[in-house]
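What follows is one structure encoded as structure tokens, with my remarks underneath.
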Amino acid sequence: SLDLSDNPLGPRGVEALATGLCTPLWSLNLARTGAKEKGVEALAEVLKEKKVSSLQSLDLTENQMMAGGLKHLAAAVSTADAVPELRTLILKKNNLVA
């Protein structure tokens, strides 16, 4: 598990973190880190590459990801075998309405 919630990482910080992620990682909490669309897009790319296929829980609460970030994330989690164990995805308060 990795809980970085409430740390002001911003898009660049989340992007840097995403490039270093690897299995085994079961839970990733990035709530209120300021990831925004760019940070979520970087995280989505790592998910697509199946680097954290063991991930079971992902919390992206209050990250201002908007609809564009959701699009990247949806593409990643729907990629075959990218995150087959994912059971919990929390996206509260992200202005996801286009």
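Small disclaimer: the values here were computed from a predicted structure and weren't measured.
- Minimum interatomic distance between P11 and K36 (heavy atoms only, all atoms of both residues): CG-CB, 4.1 Å.
- The minimum heavy-atom distance between S78 and A74, with the atom names listed, is OG-O, 2.9 Å.
- Atoms CG and CG, from L2 and L4 in turn, are 4.0 Å apart once rounded to the nearest 0.5 Å.
- In this structure, L25 CG and Q56 CD are separated by 10.0 Å, a value rounded to the nearest 0.5 Å.
- By the neighbour-count criterion of 12 heavy atoms within 6.0 Å, atom NZ of K48 is densely surrounded, having more than that number from other residues, nucleotides or ligands.
- Shown here is K71, whose NZ atom has no more than 12 heavy atoms of other residues, nucleotides or ligands within 6.0 Å.
- Hydrophobic clustering places L89 together with V14 (ILVMFWY residues linked when any side-chain heavy atoms are closer than 4.5 Å, directly or through intermediates).
- Linking Ile, Leu, Val, Met, Phe, Trp and Tyr whenever their side-chain heavy atoms come within less than 4.5 Å puts V52 and V77 in one cluster.
- In this structure, the separation between CG on L43 and CD on E15 is 11.0 Å, given to the nearest 0.5 Å.
- Listed here is the closest heavy atom pair of A76 and A82: O-CB, 3.5 Å.
- The distance from the CG atom of L21 to the CG atom of L47 is 8.0 Å, given to the nearest 0.5 Å.
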Margin query: Does M65 form a side-chain contact (heavy atoms from CB on, under 4.5 Å) with H72? I'd like the steps, not just the answer.
Written below: CA-CA 10 Å; M65 69 166 45; H72 293 291; over 6 Å; no
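- Between the K51 side chain and the E45 main chain, no donor and acceptor come within less than 3.5 Å of each other.
- M66 and L30 end up in different hydrophobic clusters when Ile, Leu, Val, Met, Phe, Trp and Tyr side chains are linked at under 4.5 Å.
- Atom CG of residue L60 and atom CG of residue N29 lie 8.5 Å apart, to the nearest 0.5 angstrom.
- Atom CG of L91 and atom CG of L96 lie 6.0 Å apart (nearest 0.5 Å).
- With a 4.5 Å cut-off on side-chain heavy atoms, R32 and K93 do not count as touching.
- Panel note: side chain N63, backbone T33; a donor-acceptor pair is recorded below 3.5 Å.
- Between the side chain of D59 and the main chain of A31, no donor-acceptor pair closer than 3.5 Å is present.
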